[in-house]
Amino acid sequence: MNSKHLIIIAGPTAVGKTDLAIHLARHFGTEIINADSRQIYREMVIGTAVPSADQLAVAKHHFIGHKSIHDYYNASFFENETITLLDRLFAQFDAVIMTGGSGMYIDAVCRGIDDIPTVSQQIRNQLHAEYLKIGLAGIQTRLRELDPAYFHIVDQSNPKRILKALEIAEMTGKPYSSFLSGKVKQRNFSTVKIGLNIPRQDLYNRINNRVDVMMAHGLLQEADGLRNFRHLNALNTVGYKELFRFFDGIGSLEEAVDQIKAHTRQYARRQLTWFRRDKELRWFQPDENELILEYLQCKMNA
RNA sequence: GGUGCCAUAGCUCAGUUGGUAGAGCAACGGACUGAAAAUCCGUGUGUCCGUGGUUCAACUCCACGUGGCACCA
């Protein structure tokens, strides 16, 4: 068994992951890696509920605000950056905490994803323009010709999945499916996964309240300052896109805020769907600190 | 007080020339190997305000009641 442990804290947004992560970081005298795909952008602070200055002072956090919304970023970049960082941290600590709500980012670190060349911005733009021109049926046809194997397993009504495969085929001249090994990468550390959840109604109350708090803290101003960049992927994000619509004159501010709450609830449900599938995850309530520590000790000494 | 209009899903509303009802949003379930807070798929959850009446049959027509809105006093 490995003596280095990555402790994962997963769960839906607003469930209380940050508080537990800080508690555990203090207990183990270690640091925290953020696995939230939006908190990495330094321009997005209020709307992504990054930990407060006080919280950040208690435990060192990595990958919060370390990128700009103008940077291209994805799960593979996150995997590579995190593995590099972990090499350094495990030289110093026996345990490291990773917390966040982006299931794909967490899996990229725990299991790895296949190495595929990064697609150039030019090809991405080109294929997107193509999609607008020939539509879903058009890109489906192209994928069936270029990569029949993937065409049969892909969600054919999801343009993003089809475009990704076409981008890779265009970029490399090889079918996307030829890069998919499905192999789990071996890591030089072990993982322990904690899932946090609370009754649905409590979660929704916390989400609704947190959106009100974000608005009180100036989310409207933050979004206003970013409206010129709304075309960037980073800003295709709950809490911002609804306010951009409001700036366009679509609906009232109250309606926009209600939409942010509803879309955040839906996001939380999608997170739960993702995490429920992971059988390595052990579920707790966020206030069960003692039980969680007991479980961690047990797993880490095994 | 009078007149008119309205009352259908959690919300906003459509609809049935009388045969127990549907759309958007919400809600719920699922997928997901480089945009993942993204993207995509599936599910209608209902005393059709109440009580009587007409009818083989009423959510639909009639009467009364209740609640809401508007206008007139």
Side-chain angles (χ1 to χ4, degrees), chain A residues 10-14 17 34-41 44 46-50 67 69-81 100-121 123-125 127-128 131 136 139-140 150 153-168 171-172 176-185 200-201 203-204 207-208 210-211 214 219 231-242 251 254-255 258-278:
Chain A
T13 188
K17 297 186 294 293
N34 164 246
D36 182 300
S37 72
R38 290 302 187 270
Q39 290 183 0
I40 65 171
Y41 297 113
M44 299 161 71
I46 299 169
T48 59
V50 298
K67 293 288 173 189
I69 55 173
H70 302 283
D71 296 328
Y72 176 67
Y73 201 75
N74 61 42
S76 180
F77 289 15
F78 181 77
E79 173 190 5
N80 292 329
E81 281 196 298
S102 302
M104 186 174 178
Y105 280 28
I106 292 172
D107 284 355
V109 170
C110 294
R111 282 175 254 220
I113 52 182
D114 290 312
D115 294 315
I116 299 172
T118 297
V119 177
S120 74
Q121 184 70 51
I123 288 184
R124 284 205 309 274
N125 292 344
L127 273 160
H128 187 71
Y131 165 53
L136 180 61
I139 58 174
Q140 284 172 337
Y150 190 63
I153 57 169
V154 73
D155 176 357
Q156 293 173 10
S157 48
N158 191 331
K160 290 201 177 194
R161 301 274 153 71
I162 294 183
L163 282 173
K164 169 62 18 194
L166 289 178
E167 286 167 6
I168 299 298
M171 178 92 184
T172 66
Y176 177 60
S177 55
S178 68
F179 292 96
L180 303 178
S181 72
K183 270 189 207 138
V184 174
K185 289 182 186 167
R200 190 64 63 92
Q201 195 53 56
L203 181 65
Y204 285 0
I207 286 172
N208 295 341
R210 196 171 71 172
V211 172
M214 285 178 181
L219 178 57
H231 59 283
L232 296 172
N233 174 63
L235 288 168
N236 183 191
T237 297
V238 175
Y240 297 88
K241 54 186 175 185
E242 296 84 358
E254 192 191 346
E255 284 167 338
D258 283 345
Q259 276 178 20
I260 294 174
K261 291 174 181 174
H263 292 164
T264 305
R265 296 194 296 267
Q266 291 167 351
Y267 169 51
R269 271 194 279 127
R270 272 180 274 129
Q271 290 176 302
L272 284 167
T273 299
W274 181 291
F275 292 130
R276 272 192 292 246
R277 193 173 55 164
D278 188 344

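All chains are named by letter (A, B, ...) in the order of the sequence lines, taking the proteins before the strands, and each is independently numbered beginning at 1. Note that these values count all heavy atoms, side chains included, but never hydrogens, waters or copies made by symmetry.
Using a 4.0 Å cut-off between a side-chain N of Lys or Arg and a carboxylate O of Asp or Glu, Asp278(A) and Arg111(A) qualify as a salt bridge. Ion pairing between a basic and an acidic side chain is recognised when a charged N comes within 4.0 Å of a carboxylate O; Lys185(A) and Asp115(A) show such pairing. Ionic pairing of Asp71(A) and Lys67(A) is not present here: no N-O contact between side-chain nitrogen and carboxylate oxygen is shorter than 4.0 angstrom.
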Between Arg265(A) and Asn208(A), is the side chain to side chain contact (heavy atoms under 4.5 Å, CB included) condition met? List the steps.
CA-CA 8 Å; Arg265(A) 296 194 296 267; Asn208(A) 295 341; 3.1 Å; yes
Go through the steps for Tyr204(A) and Arg269(A) under the test side-chain hydrogen bond (donor to acceptor under 3.5 Å, both in side chains), then give the verdict.
CA-CA 10 Å; Tyr204(A) 285 0; Arg269(A) 271 194 279 127; 3.2 Å; yes
Dump the intermediate steps for side chain to side chain contact (heavy atoms under 4.5 Å, CB included) on Tyr240(A) and Thr48(A), then the final yes or no.
CA-CA 10 Å; Tyr240(A) 297 88; Thr48(A) 59; 4.3 Å; yes
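When heavy atoms are screened at a 4.0 angstrom cut-off, Phe77(A) is found touching no nucleic acid atom at all. Thr264(A) comes within 4.0 angstrom of no nucleic acid atom, judged by non-hydrogen atoms across all strands. Residue contacts for Gly182(A): at a heavy-atom cut-off of 4.0 Å it reaches a base atom on one of the strands shown. Across all strands, Phe78(A) comes closer than 4.0 Å to no nucleic acid atom at all (heavy-atom distances). Contacts of Asp115(A) with the nucleic acid, taken as non-hydrogen atoms under 4.0 Å apart, include base atoms. Residue Asp258(A) is out of contact with every strand shown, counting any heavy-atom pair closer than 4.0 Å. As judged by a 4.0 angstrom heavy-atom cut-off over every strand, Gly103(A) is placed among residues making no nucleic acid contact.
Computed from coordinates, the Asn233(A) CG to A35(B) P distance equals 8 Å when rounded to whole Å. Nucleotide A31(B) holds its C1' atom 14 Å from the CD atom of Gln156(A), rounded to whole Å. Between Tyr150(A) atom OH and U33(B) atom P there is a gap of 7 Å when expressed in whole angstrom units. Going from atom CE of Met44(A) over to atom P of A38(B) covers 10 Å, rounded to whole Å. Between the C1' atom of A36(B) and the NZ atom of Lys164(A) lies a distance of 12 Å, rounded to the nearest Å. One atom, CD of Glu255(A), and another, C1' of G24(B), lie 14 Å apart when rounded to the nearest Å. One atom, CG of Asp114(A), and another, P of G34(B), lie 10 Å apart when rounded to the nearest Å. Straight-line distance from the CD1 atom of Ile116(A) to the P atom of G34(B): 7 Å, rounded to whole Å.
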Can you name the atoms? Protein N/O to nucleotides 26-29 of chain B N/O, anything below 3.5 Å, with the distance.
unit_1: A26(B); atom_1: OP1; unit_2: Gln266(A); atom_2: NE2; d: 3.0
unit_1: A26(B); atom_1: O3'; unit_2: Arg265(A); atom_2: NH2; d: 3.3
unit_1: A27(B); atom_1: OP1; unit_2: Arg265(A); atom_2: NE; d: 2.6
unit_1: A27(B); atom_1: OP1; unit_2: Arg265(A); atom_2: NH2; d: 3.3
unit_1: A27(B); atom_1: OP2; unit_2: Gln266(A); atom_2: NE2; d: 2.9
unit_1: A27(B); atom_1: OP2; unit_2: Arg269(A); atom_2: NH2; d: 3.0
unit_1: C28(B); atom_1: OP1; unit_2: Arg200(A); atom_2: NH1; d: 3.1
unit_1: C28(B); atom_1: OP1; unit_2: Tyr204(A); atom_2: OH; d: 3.0
unit_1: C28(B); atom_1: OP2; unit_2: Tyr204(A); atom_2: OH; d: 2.5
unit_1: C28(B); atom_1: OP2; unit_2: Arg269(A); atom_2: NE; d: 2.2
unit_1: C28(B); atom_1: OP2; unit_2: Arg269(A); atom_2: NH2; d: 3.3
unit_1: G29(B); atom_1: OP1; unit_2: Arg200(A); atom_2: NH2; d: 3.3
unit_1: G29(B); atom_1: OP2; unit_2: Arg200(A); atom_2: NH1; d: 3.3

I'd like a table of atom pairs between the protein and nucleotides 39-43 of chain B - only N or O on both sides, under 3.5 Å - with the distance next to each one.
unit_1: U39(B); atom_1: O2'; unit_2: Asn158(A); atom_2: OD1; d: 2.2
unit_1: U39(B); atom_1: O2'; unit_2: Asn158(A); atom_2: ND2; d: 3.3
unit_1: U39(B); atom_1: O2; unit_2: Asn158(A); atom_2: ND2; d: 2.8
unit_1: C40(B); atom_1: O4'; unit_2: Asn158(A); atom_2: ND2; d: 3.2
unit_1: C40(B); atom_1: O2'; unit_2: Asp155(A); atom_2: OD1; d: 3.3
unit_1: C40(B); atom_1: O2'; unit_2: Asp155(A); atom_2: OD2; d: 2.9
unit_1: C40(B); atom_1: O2'; unit_2: Ser157(A); atom_2: OG; d: 3.1

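In terms of modelled atom types and a separation under 3.5 Å, the side chain of Arg38(A) and the main chain of Ala234(A) share a donor-acceptor contact. Looking at Asp114(A), its side chain does come within 3.5 Å of a backbone N or O of Ser181(A) through a donor-acceptor pair. Of the possible polar contacts, none joining the Glu79(A) side chain to the Gly112(A) backbone as a donor-acceptor pair under 3.5 Å is found. Listed for the Ser102(A) side chain is no donor-acceptor partner under 3.5 Å among the backbone atoms of Tyr105(A).
Atom P of G2(B) sits at a distance of 32 Å from the matching atom of A58(B), rounded to the whole Å. Straight-line distance between the P atoms of G52(B) and A14(B): roughly 28 Å, to the nearest whole Å. Nucleotides G18(B) and A27(B) have their P atoms positioned 38 Å apart, rounded to a whole Å. Between the P atoms of C61(B) and U17(B), the separation comes to 11 Å (whole Å). Atom name C1', nucleotides G42(B) and U20(B): the rounded distance is 26 Å, in whole Å. Here the separation of U16(B) from C72(B), taken at their C1' atoms, is 35 Å to the nearest Å. Spacing of C1' atoms, A36(B) relative to A31(B), comes out at 13 Å, to the nearest Å. Annotation: U55(B) and G29(B) have their P atoms spaced 50 Å apart (nearest Å).
The side chain to side chain contact (heavy atoms under 4.5 Å, CB included) search around His231(A) returns none, not counting sequence neighbours. Residues passing the side chain to side chain contact (heavy atoms under 4.5 Å, CB included) test with Glu255(A), sequence neighbours excluded: Ser252(A).
Between Arg38(A) and Leu272(A), the residue anchored nearer the 5' end of RNA chain B, judged by the nucleotide with its closest heavy atom, is Leu272(A).
Of the listed nucleotides (A38(B), A35(B), A36(B)), A38(B) has the atom at the smallest distance from the side chain of Val238(A).
A syn orientation is assigned to G34(B), its glycosidic angle lying within 90° of 0.
Side-chain nitrogen and oxygen atoms of Tyr176(A) include at least one within less than 4.0 Å of the OP1 or OP2 phosphate oxygen of G34(B). For the pair Tyr267(A) and A38(B), the criterion of a side-chain N or O lying under 4.0 Å from OP1 or OP2 is not met. Distances shown here put every side-chain N or O of Tyr73(A) at or beyond 4.0 Å from the OP1 or OP2 atom of A35(B).
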Could you pull out every donor-acceptor pair under 3.5 Å between side chains of residues 158-168 of chain A and any protein atom, sequence neighbours left out?
unit_1: Asn158(A); atom_1: OD1; unit_2: Lys160(A); atom_2: N; d: 3.1
unit_1: Lys164(A); atom_1: NZ; unit_2: Glu167(A); atom_2: OE1; d: 3.1

Per-residue pairing states of RNA chain B in dot-bracket (Watson-Crick or G-U under 3.5 Å; . unpaired, | other strand) read (((((((..((((.....[..)))).(((((.......))))).....(((((..]....)))))))))))).
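Counting only heavy atoms from C-beta outward, the side chains of Ile106(A) and Phe275(A) approach each other to under 4.5 Å.
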